[in-house]
Amino acid sequence: RPDCFHKPSLFLAAHTVELALKCASLWLGKCECQLREDDGHKLLGPYNRLKSDTRSTQMIMRAETCVREKWKKQLRRDRGEYLESVCGYDEGILTNADIGQNLPKLADAVTWLDRFHAADGGALRYVRIGSGASVPVITCFGKTTPTVAQAVIWGCQSILHDLDQELRKG
């Protein structure tokens with residue numbers, strides 16, 4: 001599919017991760033005016049700050065682990081469905097080790113979105129993202145699956161779950 005068909009999900013993914021990172025930054029004690037001045041709509045700076053702060057490092061690491069585990073589960077399920085569709089013929093099919101070696105990462109999704117989200121009024125709002133900026137995908141088991149939005153969804157669910165738990169502690 002042309003990249004423009006992925007634009008709505010990428011636009012929403014960028015806003016989702018921006019808001020999740022801002023929530024975590026507020027939890028760490030940054031004030032809203034600092035967030036506006038320091039970060040604006042940037043994603044990578046806040047992500048890296050949360051990753052390096054001792055109070056939120058584990059939160060980000062759990063989000064990365066969550067994304068990794070969900071991708072492993074998804075790709076193994078896709079492999080199983082594919083094997084069923086080809087009557088069990090499995091020559092050349094990726095093993096669990098193969099699947100685990102190059103899984104999409106939350107950090108990569110945030111980095112990719114950061115290039116477009118804060119630039120030029122939010123380049124994800126417009127039809128064309130730009131040359132050389134095709135949407136990252138995984139192509140295997142008879143499918144081509146865009147990775148950015150899904151990694152962000154899973155990662156933000158993890159971050160927001162952890163924030164909810166921390167806030168409930170008081």
Side-chain angles (χ1 to χ4, degrees), residues 1 3-28 35 39 41-83 93-118 122-125 129 133-169:
R1 288 196 281 182
D3 287 346
C4 64
F5 291 123
H6 299 288
K7 297 288 291 254
S9 63
L10 294 171
F11 181 74
L12 292 172
H15 281 290
T16 300
V17 75
E18 177 185 359
L19 293 175
L21 295 173
K22 284 183 176 179
C23 286
S25 294
L26 289 169
W27 171 71
L28 289 176
L35 291 174
D39 300 335
H41 295 288
K42 296 174 190 153
L43 305 175
L44 196 54
Y47 179 85
N48 288 331
R49 183 177 55 246
L50 291 168
K51 194 171 181 179
S52 66
D53 190 296
T54 56
R55 297 169 292 167
S56 55
T57 298
Q58 291 303 311
M59 182 183 304
I60 297 299
M61 298 310 293
R62 279 190 296 275
E64 286 285 3
T65 299
C66 173
V67 168
R68 181 175 174 75
E69 293 304 312
K70 298 252 186 184
W71 273 118
K72 278 197 287 191
K73 184 177 180 181
Q74 175 69 45
L75 292 172
R76 288 173 181 169
R77 183 175 45 237
D78 289 350
R79 178 184 57 200
E81 291 170 3
Y82 180 74
L83 285 172
I93 297 294
L94 297 175
T95 65
N96 285 347
D98 295 330
I99 288 173
Q101 284 182 344
N102 294 303
L103 293 170
K105 297 176 180 71
L106 178 59
D108 293 342
V110 171
T111 300
W112 191 89
L113 285 171
D114 185 67
R115 293 172 46 205
F116 306 105
H117 184 56
L124 293 173
R125 295 179 185 173
I129 293 173
S134 60
V135 176
V137 297
I138 293 176
T139 302
C140 59
F141 313 125
K143 292 182 177 183
T144 298
T145 308
T147 62
V148 172
Q150 189 61 67
V152 164
I153 289 167
W154 288 330
C156 286
Q157 284 174 334
S158 176
I159 290 168
L160 294 173
H161 175 268
D162 281 2
L163 280 172
D164 182 60
Q165 296 300 309
E166 288 297 326
L167 292 171
R168 287 178 190 273
K169 288 179 188 175

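This structure is a prediction, so every number in the text was calculated from the model and none was measured. The first residue in the sequence is number 1, and the count goes up from there.
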What pairs with [X] under salt bridge (Lys or Arg N to Asp or Glu O under 4.0 Å), at least two apart in sequence or on another chain?
| X | value |
| --- | --- |
| K22 | E18 |
| R79 | none |
| D78 | K143 |
| K72 | E69 |

Using distance only, find each side-chain donor-acceptor pair of residues 102-110 under 3.5 Å and give its atom names and separation, not counting sequence neighbours.
none

With sequence neighbours excluded, residues passing side-chain hydrogen bond (donor to acceptor under 3.5 Å, both in side chains) with [X]:
| X | result |
| --- | --- |
| Q157 | none |
| D164 | R168 |
| E81 | none |

Taking all non-hydrogen atoms of both residues, which atom of [X] and which atom of [Y] are closest, and how far apart?
| X | Y | answer |
| --- | --- | --- |
| C140 | L75 | SG-CD2, 4.0 Å |
| A13 | A149 | CB-CA, 3.9 Å |
| L163 | A20 | CD1-O, 4.3 Å |
| V135 | W112 | CA-CZ2, 4.0 Å |

(message) One pair to check against side-chain contact (heavy atoms from CB on, under 4.5 Å): L94 and Y82. What are the steps and the verdict?
(response) CA-CA 11 Å; L94 297 175; Y82 180 74; over 6 Å; no
(message) Any heavy-atom pair between the side chains of K73 and K70 that's under 4.5 Å?
(response) no
(request) Any side-chain hydrogen bond (donor to acceptor under 3.5 Å, both in side chains) involving residues 45-55? Give me the pairs, sequence neighbours left out, ordered by first then second residue. (result) S25-R49, D39-R49, Y47-E64, D53-R55
(message) Quick test of your reading: applying side-chain hydrogen bond (donor to acceptor under 3.5 Å, both in side chains), list the pairs with at least one residue in residues 144-155, sequence neighbours left out, ordered by first then second residue.
(response) T139-T144
(request) Examine distances only and state if a side-chain atom of D98 and a backbone atom of T95 form a donor-acceptor pair shorter than 3.5 Å. (result) yes
Nearest 0.5 Å please: distance from the [atom1] atom of [X] over to the [atom2] atom of [Y].
| X | Y | atom1 | atom2 | answer |
| --- | --- | --- | --- | --- |
| R76 | F141 | CZ | CZ | 10.0 Å |
| F11 | T16 | CZ | OG1 | 10.0 Å |
| H15 | H117 | NE2 | NE2 | 4.5 Å |

(message) For R62, give me all partners under side chain to side chain contact (heavy atoms under 4.5 Å, CB included), at least two apart in sequence or on another chain.
(response) Q58, M59, S158, D162
(request) From the options I159, L28, L21, select the one residue that forms a side chain to side chain contact (heavy atoms under 4.5 Å, CB included) with S56. (result) L28
